[in-house]
Amino acid sequence: MPENAVLTIATLPYTDQKPGTSGLRKRVPVFQQPHYLENFVQSIFDSISPPHGATLVLGGDGRHYNIEAIQIILRMAAANGFGRVLVGRSGILSTPAASCVIRKQGAFGGIILSASHNPGGPEGDFGIKYNTSNGGPAPEKITDSIFEMSRRITQYRIVDAPDVDLDTTGDRMLCGMRVSVIEPVSDYADLMESLFDFDAIRSLLAGGFDIRFDAMHAVTGPYAREIFVNRLKAPESSLMNCVPLPDFGKGHPDPNLTYAHDLVSILNGEHAPDFGAASDGDGDRNMILGRRFFVTPSDSLAILTANAKLVPGYRRGLKGVARSMPTSAAVDRVARELGIPCFETPTGWKFFGNLMDADKVTLCGEESFGTGSNHIREKDGLWAVLFWLNVIAVRKQSVEDIVREHWARFGRNVYSRHDYEAIPNDAANGVIAHLRAEFDNLAGKTFGSYEVERCDDFSYTDPVDGSTSTGQGLRLLFTDGSRIVFRLSGTGTEGATLRIYLEAYDPIVAHHHLDAQTALGDLISIAGEVTQLEARTGRKEPTVIT
Ligand code: G1P
Ligand code: ZN
């Protein structure tokens, strides 16, 4: 330990929340309490036992408290024997960029500061998570250990030193540890340029294809400027809200039809551009829009899979694909036709990481606006946007035409997710317990034209490490391939969030003009009936529909 490292006696408050793979998320004032962040960071270091002189990557999405937390973590890394910390200039690294840098630089791991799509600001959310040397979120055995450590920590190590200058790139020393302030965008932008045909996209844009990218005042702003404007020569007017703000301009940086309303109204407007896209707080989510047209994330995964060979990085084909269980089965149909395996995993990104490390899948995605590939070990918002632009540049068709041709060929998995947020925990648990108890009565039952084939509680055995995850969501599977899935969110911060995922498989092209909520009308009523939702929660309508 360096000479001026101080052993500080840790005091309450200890962490009271089990960190998931998306880390520990709390309101900013909770993190600002004395010793709170320090206790958690020391618990990370004690759990991962870094070899002396190890390299750590550090950065965040720029939200309120980002820079203060980074200075604390740097002082603690120095006291804990790290040899070098690579930190994004001004403390910035998007989640995908952090994953990219960890892998490219062969770092021991990385700490990412973000609460993803949750609002920021002095009263907003803050978060911290640890990623391992493969660039992906720490597996459960590490996050469990961090939690255990954080409950019984008695002291942490920190050096007594002034703040490090993070505003200019270059190396500086902090009590014997090298702090390398790196340009946060270039490694990531180079990786994108190695996967996609930038010349083709540049010609598409030069030919007048009009795009809008909404960074929602979050971390992707500088990444979008470098990639779209500097490298792809898109006009400045293609960028919306690309100046990152610590409170995200008081917005909710979640790219969906509800929260990205400014972008949605431009794409639905009279002189709508050809293409619109948005990303979330830390840059790992994406939403894709055509002119007056929304692409569901489930369809997006299926379409990227079907068109992968048009893109240089995937020209040689895909090893396999994976989707989370609640994501629609649209990609399954494509995988079947391509003759490649398709894995159905529980919700959350960590399951994809194992499959990618074992080289079993190339592309993966979730219905929750997350799509990605084995180029890193996180989902990647701008990567999905560039993938779409590359496909459009080759096919020279509109977003809507590409999607409709896809439906005509594979059938359409009409899809929507209804979220009921901030339900009292008891009521939400009651809904799930009631449904589970109804399983026997529901099997074989008919609701209008829908017949329940079977119901189950999804469980998954990881084909790589053999671990089993149970209780991953209740499924009502109908004989025609339609489904309703029910699960409680693991990331909400207030009460419980019940998610109802609705999917109707429709092979009939003539129906494909119907909007999703209309086409799903019957399944929506069945979901209300079998859950006794209104009686149990008092809710008539979902809080968010995606
Ligand atoms: C939500 C999404 C899930 C995603 C996770 C982290 O989790 O539904 O797909 O992996 O955020 O971004 P949930 O709140 O449903 O547990
Ligand atoms: Zn995110």
Side-chain angles (χ1 to χ4, degrees), residues 17-25 59-63 93-99 112-120 125-129 131 136-137 143 215-216 218-220 223 248 252-256 259-260 278-287 296-298 301 322-328 344-353 364-372 376-384 415-423 428 432 458 469 471-474 485-501 542-544 546:
Q17 182 195 58
K18 202 167 171 159
T21 43
S22 46
L24 177 71
R25 284 188 200 168
D61 64 11
R63 64 179 62 224
L93 278 177
S94 74
T95 290
S99 185
I112 303 174
L113 304 171
S114 169
S116 190
H117 49 283
N118 294 6
D125 283 342
F126 188 76
I128 172 168
K129 72 170 182 168
N131 281 29
T143 54
M216 305 189 84
V219 78
T220 49
Y223 293 85
F248 306 127
H252 192 145
D254 198 0
N256 60 39
Y259 295 123
S279 193
D280 72 328
D282 62 330
D284 57 0
R285 293 188 175 197
N286 75 88
M287 177 171 69
T296 70
S298 297
L301 174 62
R323 63 165 172 88
S324 66
M325 179 274 282
T327 302
S328 96
E344 184 177 33
T345 64
T347 298
W349 208 255
K350 64 178 173 181
F351 301 95
F352 297 144
C364 55
E366 294 194 277
E367 49 65 39
S368 53
F369 299 83
T371 330
I376 54 169
R377 291 295 181 275
E378 292 276 4
K379 51 194 173 231
D380 191 344
L382 281 166
W383 168 89
Y415 190 85
S416 181
R417 181 175 107 181
H418 289 193
D419 292 337
Y420 294 82
E421 295 177 338
I423 301 178
I432 296 293
F458 182 67
S469 311
Q472 298 295 320
L474 304 184
V485 174
F486 305 85
R487 61 177 281 282
L488 297 180
S489 154
T491 62
T493 45
E494 200 195 334
T497 295
L498 173 68
R499 306 205 193 283
I500 303 184
Y501 309 81
T543 332
V544 178
T546 49

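Sequential numbering from 1 along the given sequence is applied to the chain's residues. First listed ligand is number 1; within each ligand, the first listed atom is number 1. Nothing here was measured: the structure is a model prediction, and the numbers come from that model.
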Legend entry - Passing option when Asp280 is tested against His117, Met216, Lys379 for side chain to side chain contact (heavy atoms under 4.5 Å, CB included): His117

Please determine if [X] has a nitrogen or oxygen closer than 3.5 Å to a nitrogen or oxygen of ligand 1.
X      : answer
Lys379 : yes
Gly490 : yes
His117 : no
Trp349 : no
Ser489 : yes

Legend entry - Pick from Glu366, Met325, Glu378: the one approaching atom 10 (O) of ligand 1 most closely through a non-hydrogen atom: Glu366

Legend entry - Validation row: Tyr501, Arg487 side chains within 4.5 angstrom (heavy atoms): yes

What atoms of ligand 1 come closer than 4.0 angstrom to any heavy atom of [X]?
X      : result
Thr347 : 3 (C), 9 (O)
Arg487 : 13 (P), 15 (O), 16 (O)
Arg499 : 8 (O), 13 (P), 14 (O), 15 (O)
Gly348 : 10 (O)

Inset, instruction - Output all residues satisfying ring pair (Phe, Tyr, Trp, His ring centres under 6.0 Å) with His252, sequence neighbours left out; order by chain, then residue number. - result: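 For His252, the residues satisfying ring pair (Phe, Tyr, Trp, His ring centres under 6.0 Å) (neighbours in sequence not counted) are Tyr259.
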
Inset, instruction - Considering just N/O/S atoms, say which atom of Asp284 is closest to the Zn ion (ligand 2). - result: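 Restricting Asp284 to its N, O and S atoms, the minimum distance to the Zn ion (ligand 2) goes to OD1.
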
Legend entry - For the Zn ion (ligand 2), the closest N/O/S atom belonging to Asp280: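 Answer by atom name: OD2.
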
Inset, instruction - Say whether Gly370 and ligand 1 are in contact under the criterion: heavy-atom distance to a ligand atom below 4.0 Å. - result: no

Inset, instruction - Would you please determine whether Arg417 falls within less than 4.0 Å of ligand 1 on a heavy-atom basis? - result: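 Arg417 counts as a contact of ligand 1 under the 4.0 Å cut-off.
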
Among all protein heavy atoms, pick the one closest to [atom] and tell me residue, atom and distance.
atom                    : result
atom 11 (O) of ligand 1 : Arg285 NH2, 3.2 Å
atom 7 (O) of ligand 1  : Thr491 CG2, 3.6 Å
atom 2 (C) of ligand 1  : Ser368 OG, 3.5 Å

Has the side chain of [X] got a donor or acceptor atom that lies under 3.5 Å from a matching backbone atom of [Y]?
X      : Y      : result
Ser324 : Pro346 : no
Asp61  : Arg63  : yes
Arg25  : Asp125 : no
Ser114 : Ser116 : yes

Legend entry - Gap between atom OG1 of Thr543 and atom OH of Tyr420 - 0.5 Å precision: 8.0 Å

Inset, instruction - First locate atom OG1 of Thr296, then atom CE of Met287, and finally report the distance between them rounded to the nearest 0.5 Å. - result: 12.5 Å

Inset, instruction - Report, rounded to 10°, the angle at the Zn ion (ligand 2) between the two atoms OG (Ser116) and OD1 (Asp282). - result: 110°

Inset, instruction - Evaluate the side chain to side chain contact (heavy atoms under 4.5 Å, CB included) criterion for residues Tyr223 and Ser279: first the C-alpha distance (whole Å), next the side-chain angles of each, then the deciding distance (0.1 Å), finally the verdict. - result: CA-CA 11 Å; Tyr223 293 85; Ser279 193; over 6 Å; no

Inset, instruction - Classify the side-chain pair Ser99/Asn131 by whether it contains a donor and acceptor separated by less than 3.5 Å. - result: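 Asn131 and Ser99 do not have a side-chain donor-acceptor pair below 3.5 Å.
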
